[in-house]
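In what follows, a structure is listed as structure tokens, so that the remarks can point back to it.
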Amino acid sequence: MSKQIELNKDLGRVSSDTMADVVESRLRDYFKKKSFKPGDALPKELELAEALGVSRNVVREALSRLRMLGMIESRKKRGMILSSPDILGAFERVLDPMIITEETLQDLFELRLVLEMGLADILFINLTEKHLHELELIVDNEIRDSEQIFRIKNEIAFHGKLYEIAGNDTLKRFQNMLLPIFGYVLKLEKEPISGKVSHHDLLDLLKHGNKNDFRQGMYEHLKPHFDQLKKIKK
């Protein structure tokens, strides 16, 4: 069986009325079916067009979409290869409070609260004396001011360090992406609201408590936000 016939069989022809979307979908399926790995060379545009029964322009458009997602890239002397996509890249480019609806902002804020509640187990696995000292410095240097701008800075410094201690690069990056959302929602509060457990209390739980104590403490720290959500949902 020739290379082109095999390619024809693997991809299948596409009807002309749904070309770009279907070609993109077919290519994704083809990559999975053939177990392509990052760095593997891909068929040429012309080969793909002939196998799919569409024009090179349609294939080029589908490939352009995949390239924007970071799934493929072009290399000198090798042509197109499958690449390891930046899974947060596209999300990062559009995550701006100024261009997102209030509903989506609220959803993202809730997502961040869920992430905060789930940190306990990972924190207690990775926690070191050095980490505790760094958190102590943050707590000692917190600006005690009722103005929201200072409160937001305090939150970012302390909670950002917790994500750093968790040691998960993807989680840390995602948290950094959500920081503008967190700040935006806090600014919308008519007056500052704080839980009965402070950053100092959370630090003390990390020093002398266990993961269950810390998880409960984090809930109490974030409880005003959860209470606010209850009011919104009613």
Side-chain angles (χ1 to χ4, degrees), residues 87-127 131-132 134-136 138-139 142-207 209-234:
I87 59 175
L88 295 178
F91 192 36
E92 197 169 35
R93 288 193 290 269
V94 299
L95 198 58
D96 184 336
M98 302 307 296
I99 60 174
I100 298 176
T101 65
E102 293 286 339
E103 292 77 15
T104 302
L105 284 170
Q106 191 64 52
D107 286 346
L108 291 171
F109 185 66
E110 292 175 22
L111 177 58
R112 190 170 190 274
L113 293 178
V114 171
L115 290 176
E116 301 279 351
M117 289 298 300
L119 282 177
D121 292 86
I122 302 178
L123 284 176
F124 275 82
I125 290 173
N126 295 325
L127 194 62
H131 292 144
L132 291 173
E134 291 168 346
L135 285 170
E136 284 178 347
I138 291 172
V139 171
E142 281 190 354
I143 302 174
R144 291 168 176 78
D145 197 299
S146 60
E147 290 187 27
Q148 287 290 62
I149 185 171
F150 295 119
R151 179 165 173 251
I152 292 170
K153 287 182 178 179
N154 294 340
E155 289 292 310
I156 289 174
F158 186 85
H159 292 263
K161 177 57 67 174
L162 292 182
Y163 279 90
E164 183 179 317
I165 294 171
N168 184 301
D169 290 339
T170 299
L171 186 62
K172 171 66 175 175
R173 184 178 170 196
F174 191 55
Q175 185 262 355
N176 283 335
M177 292 164 56
L178 292 180
L179 286 177
I181 306 300
F182 191 67
Y184 179 82
V185 174
L186 288 181
K187 286 179 181 178
L188 293 180
E189 294 176 357
K190 294 181 180 179
E191 59 183 38
I193 54 175
S194 299
K196 64 181 182 181
V197 171
S198 66
H199 290 160
H200 183 277
D201 297 327
L202 288 175
L203 175 58
D204 192 58
L205 289 172
L206 286 173
K207 287 180 177 179
N210 56 44
K211 61 185 179 183
N212 292 324
D213 296 330
F214 182 81
R215 188 179 294 109
Q216 182 61 36
M218 181 61 79
Y219 173 75
E220 294 297 338
H221 179 68
L222 298 173
K223 191 174 184 298
H225 301 301
F226 287 113
D227 292 340
Q228 191 72 15
L229 291 177
K230 291 179 183 178
K231 295 178 182 179
I232 295 173
K233 300 295 183 179
K234 289 182 178 180

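Everything numeric here is computed off the predicted structure, so don't read it as measured data.
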Measuring from atom [atom1] of [X] to atom [atom2] of [Y], what distance do you get when rounded to the nearest 0.5 angstrom?
X	Y	atom1	atom2	answer
H225	E110	NE2	CD	12.5 Å
M117	L113	CE	CG	9.5 Å
I125	D121	CD1	CG	6.5 Å
L222	E155	CG	CD	8.0 Å
L202	D213	CG	CG	11.5 Å
N168	L119	CG	CG	10.0 Å

Write down the atom of T101, the atom of T104, and the distance for their closest heavy-atom approach.
OG1-OG1, 3.0 Å
Aromatic rings H159 and H221: how do their planes relate, parallel, tilted or perpendicular, breaks at 30° and 60°?
parallel
Could you check whether the rings of F124 and F214 sit parallel, tilted or perpendicular, using 30° and 60° as the cut-offs?
perpendicular
Output yes when a side-chain donor or acceptor of D201 lies under 3.5 Å from a complementary backbone atom of S198, and no otherwise.
yes
More than 12 heavy atoms of other residues, nucleotides or ligands under 6.0 Å from NZ of K172: is that the case?
yes
Show which side-chain atoms of residues 160-167 pair as donor or acceptor with protein atoms under 3.5 Å away, not counting sequence neighbours.
unit_1 : atom_1 : unit_2 : atom_2 : d
K161   : NZ     : E134   : OE1    : 3.3
K161   : NZ     : E164   : OE2    : 3.0

